[in-house]
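Note that the numbering runs from 1 along the sequence shown for the chain.
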Amino acid sequence: MQLTPRARSFIVGTPLIGALAFAGCASISDGPVTEAETASVAPTPAATEDLTTTVELGDGHLTFEIPETWDAEFEDLTAALEADERAAEFNGRSAQRAVITSPDETARVDVFTNMPWPDIVAVDADEVQLLHAEPLDMGYEPAEDGYGMWLRAVIGENPEFTDERPTYGAYDERFEGERYLLVVAPYFADDGVGPPDELDGGVAAFRFPFSDTPAGDRADESITIAAGTIRQSVAEDLTGEEGLDAMRAVVDTEEYAELIDIVQSFRVHVEPDAIQP
């Protein structure tokens, strides 16, 4: 089975686009949580390994697999971006948002594809603990040395509790009042940020060229932001623990394993003869 944005889509108004001006990566919190640690917690295999539904975005340039029991909804952002004067470098190609949720809405994956802003991230949370990090093969790697994609799973702390800087984006209301959140996402790593296997390493976004354009031409690249998340309150319900202990214990849940599987399935489809050295 294959799902595309045309299966269930609607046009989103320009006000949402303003909400997509996400903040950049932040440093470790100076709030009450004093431990900022890195751990190696390998993901537990999902109870159901048959991911039979393929989600296709960006006119087929990005695909990933989800459990067939999960729900997928889509928004077409193309018209709103074309009308937004702030999207000066928008390439005019199709742009979508996919919202993927587990059956009990305990876990969620948000994917924004072909966004015109190159310096935005999925969730503006202070990293408290790195649970897992590994190189991510998406079928296409940037040509520049030192660049690459990683899968990272981190416990983040909501900036609402840690400092006075504003928060931005479509994630705010969902995490209001939640101190911690789990983020499982593909991270773009280069020499300009910290190592991806350490705290605050990489950027939760990735860029890839369309089939007729080599990497490096920003106007024709697709900037994608993706993140799987579990809220603190959900983690507490799933594990019976509280606070930070619940966030650590969530690695033993099926939801965590399924988020890992989904991110590992991300694939970028680029014609080989279109990639120039």
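Minimum interatomic distance between P196 and L130 (heavy atoms only, all atoms of both residues): O-CD2, 4.1 Å. Taking all atoms of both residues into account, the shortest heavy-atom contact from L182 to M247 is N-CE, 3.3 Å. For the pair L62 and T224, the tightest heavy-atom approach, listed with the atom from each and the gap, is CD2-CG2, 4.0 Å. Of all the heavy atoms in E127 and D200, the pair that sits closest is OE1-N, 2.6 Å. Across every non-hydrogen atom of G243 and Q232, the tightest pair is CA-NE2, 3.7 Å. Closest approach of V184 and A153 over heavy atoms only: CG2-CB, 4.0 Å.
Residues passing the side-chain contact (heavy atoms from CB on, under 4.5 Å) test with E242 are E236, sequence neighbours excluded. Not counting sequence neighbours, the partners of P195 by the side-chain contact (heavy atoms from CB on, under 4.5 Å) test are D197, E198. Applying the side-chain contact (heavy atoms from CB on, under 4.5 Å) criterion to S102, with sequence neighbours excluded, gives W70, T106, A107. Residues meeting the side-chain contact (heavy atoms from CB on, under 4.5 Å) test with D245, sequence neighbours left out: E241, R248. Under the ring-ring contact (aromatic ring centres under 6.0 Å, His included) criterion, F206 pairs with no residue at all, not counting sequence neighbours. Applying the side chain to side chain donor-acceptor pair (under 3.5 Å) rule to S233 yields the partners E178; only residues at least two apart in sequence or on another chain are considered.
A donor-acceptor pair under 3.5 Å links the side-chain atoms of T78 to the main chain of A95, judged by distance alone.
Looking at heavy atoms from C-beta onward, F188 lies in side-chain contact with M149 at the 4.5 angstrom threshold. At a threshold of 4.5 Å between non-hydrogen side-chain atoms, the residues I230 and L259 count as touching. Contact annotation: the side chain of P67 approaches that of I262 to within less than 4.5 Å [non-hydrogen atoms, C-beta and beyond]. Between R231 and L181 the shortest side-chain heavy-atom distance does not fall below 4.5 Å. T63 places a side-chain heavy atom less than 4.5 Å from the side chain of H269. Residues L57 and F74 are in side-chain contact: their nearest non-hydrogen atoms beyond the backbone lie under 4.5 Å apart.
To the nearest 0.5 Å, atom CG of residue D71 and atom CZ of residue R108 are 10.5 Å apart. For the atom pair CD (E157) and CZ (F175), the distance works out to 14.0 Å, reported to the nearest 0.5 Å. The structure places CD1 of I260 at 4.5 Å from CG of L151, a figure rounded to the nearest 0.5 Å. The NE2 atom of H61 lies 10.0 Å from the CD atom of E56; values are rounded to the nearest 0.5 Å. Atom CD1 of residue I66 and atom CD1 of residue I100 lie 4.5 Å apart, to the nearest 0.5 angstrom. Between the CZ atom of R97 and the CG atom of D110 there is a distance of 5.0 Å, given to the nearest 0.5 Å.
Both M138 and V55 are assigned to one and the same hydrophobic cluster, defined by single-linkage of ILVMFWY side chains at heavy-atom distances under 4.5 Å. When hydrophobic clusters are built by joining Ile, Leu, Val, Met, Phe, Trp and Tyr residues whose side-chain heavy atoms come closer than 4.5 Å, directly or via intermediates, F266 is not grouped with W150.
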Step by step, would you call V234 with E105 a side-chain contact (heavy atoms from CB on, under 4.5 Å)?
CA-CA 9 Å; V234 170; E105 299 186 353; over 6 Å; no
side-chain contact (heavy atoms from CB on, under 4.5 Å) between Y256 and L238, intermediate numbers included
CA-CA 11 Å; Y256 174 78; L238 290 172; over 6 Å; no
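Counted by atom type alone, Q96 and S94 present one or more donor-acceptor pairs between their side chains at under 3.5 Å.
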